[in-house]
Amino acid sequence: ATGGSDGKVLIFHLDQLPDGGVMTPCETNQQKTQITAVAWNTQVGHIVASAAADGTVAVWDLNGRKAWCELRAETSGLAVADLAWNPTQGLHLLTASADDRNPVIKLWDLRASTSMPLTTLPGHQQGVLSM
């Protein structure tokens, strides 16, 4: 999976290249600003998440070819710099804030809420760029 500056996520099926094998996770909507990170779900192979420069995260269901949910991870409007799935909990997603004023990692439990993180992990003095 790749993310572009045009807000599009592309999925490449390497066994079908060069003649085919490229798809988008959704027929209609994609994110509106550049994609800053993508991450495959470690428990469910057809789920991928993408983070964007506008502070949103989309979780894509590739089997259904639609967005499963969207998080407003950064209310400041700044970028979600990185994201990662919990390797043992398929519905736990971590997001990293690039905001120097609020440099935190947020843990989201997608079963419980897509509007409030389960917990916030402080520690950095400036934006968190990678996990």
Side-chain angles (χ1 to χ4, degrees):
T2 62
S5 60
D6 59 357
K8 297 211 182 322
V9 174
L10 297 179
I11 309 299
F12 292 86
H13 295 275
L14 298 179
D15 59 341
Q16 298 175 12
L17 294 174
D19 298 327
V22 179
M23 67 176 266
T24 60
C26 182
E27 293 289 337
T28 54
N29 296 353
Q30 289 233 20
Q31 285 166 285
K32 306 215 180 335
T33 61
Q34 76 180 29
I35 303 301
T36 56
V38 294
W40 288 99
N41 186 298
T42 55
Q43 300 290 307
V44 185
H46 64 273
I47 300 291
V48 65
S50 58
D54 64 357
T56 60
V57 172
V59 178
W60 304 100
D61 174 357
L62 299 182
N63 285 350
R65 300 286 310 271
K66 63 182 180 178
W68 184 71
C69 70
E70 183 173 289
L71 308 174
R72 185 83 185 128
E74 290 304 311
T75 56
S76 66
L78 294 178
V80 173
D82 202 6
L83 48 81
W85 292 96
N86 181 332
T88 61
Q89 296 290 328
L91 291 173
H92 283 181
L93 183 65
L94 294 159
T95 60
S97 172
D99 188 348
D100 288 341
R101 296 166 297 169
N102 189 28
V104 296
I105 296 169
K106 295 177 183 175
L107 171 60
W108 301 84
D109 182 348
L110 301 181
R111 290 172 297 203
S113 176
T114 58
S115 60
M116 292 290 297
L118 182 63
T119 191
T120 300
L121 309 169
H124 283 274
Q125 301 304 309
Q126 291 184 308
V128 183
L129 301 180
S130 181
M131 290 186 290

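For clarity, every value in this text was computed on a predicted model and none was experimentally measured.
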### Task
Check the side chains of Asn86 and Thr88 for a donor-acceptor pair under 3.5 angstrom, ignoring hydrogens and angles.
yes
### Task
Please determine, by modelled atom types, if Thr114 and Trp108 share a side-chain donor-acceptor pair under 3.5 angstrom.
no
#### Entry: Ile47 CD1 to Thr42 OG1 distance, which is reported to the nearest 0.5 Å
11.5 Å
### Query
Distance from Leu118 atom CG to Asp109 atom CG, nearest 0.5 Å?
5.5 Å
Is the backbone of [Y] close enough, under 3.5 Å, to the side chain of [X] for a donor and an acceptor to pair up by distance?
X: Thr2; Y: Ile11; value: no
X: Gln43; Y: Pro87; value: yes
X: Arg65; Y: Trp60; value: no
X: Thr56; Y: Arg72; value: no

Does a side-chain heavy-atom distance below 4.5 Å link [X] with [Y]?
X: His92; Y: Leu107; result: yes
X: Ile105; Y: Thr120; result: no
X: Met23; Y: Leu62; result: yes
X: Leu94; Y: Lys106; result: no
X: Leu71; Y: Leu110; result: yes
X: Asp61; Y: His46; result: yes
X: Leu93; Y: Val57; result: yes

Closest approach of [X] to [Y] (non-hydrogen atoms, all atoms of both residues):
X: Ala51; Y: Val80; value: CB-CG1, 3.6 Å
X: Asn41; Y: Gly90; value: ND2-O, 2.7 Å
X: Trp40; Y: Trp85; value: O-CD1, 3.0 Å
X: Leu78; Y: Arg101; value: CD1-NH2, 3.6 Å
X: Leu83; Y: Ser50; value: CD2-C, 3.8 Å
X: Asp100; Y: Gln126; value: OD1-CB, 3.5 Å

### Task
Using a cut-off of 6.0 Å, state whether more than 12 heavy atoms not belonging to Met131 lie near its atom CE.
yes
### Message
Between Gln89 and Arg111, is the side chain to side chain contact (heavy atoms under 4.5 Å, CB included) condition met? List the steps.
### Response
CA-CA 11 Å; Gln89 296 290 328; Arg111 290 172 297 203; 4.1 Å; yes
### Step-by-step side chain to side chain contact (heavy atoms under 4.5 Å, CB included) determination, Leu129 to Asp82
CA-CA 6 Å; Leu129 301 180; Asp82 202 6; over 6 Å; no
### Task
Any chance you could lay out the side chain to side chain donor-acceptor pair (under 3.5 Å) test for Asp99 and Ser97, step after step, and finish with the verdict?
CA-CA 5 Å; Asp99 188 348; Ser97 172; 5.1 Å; no
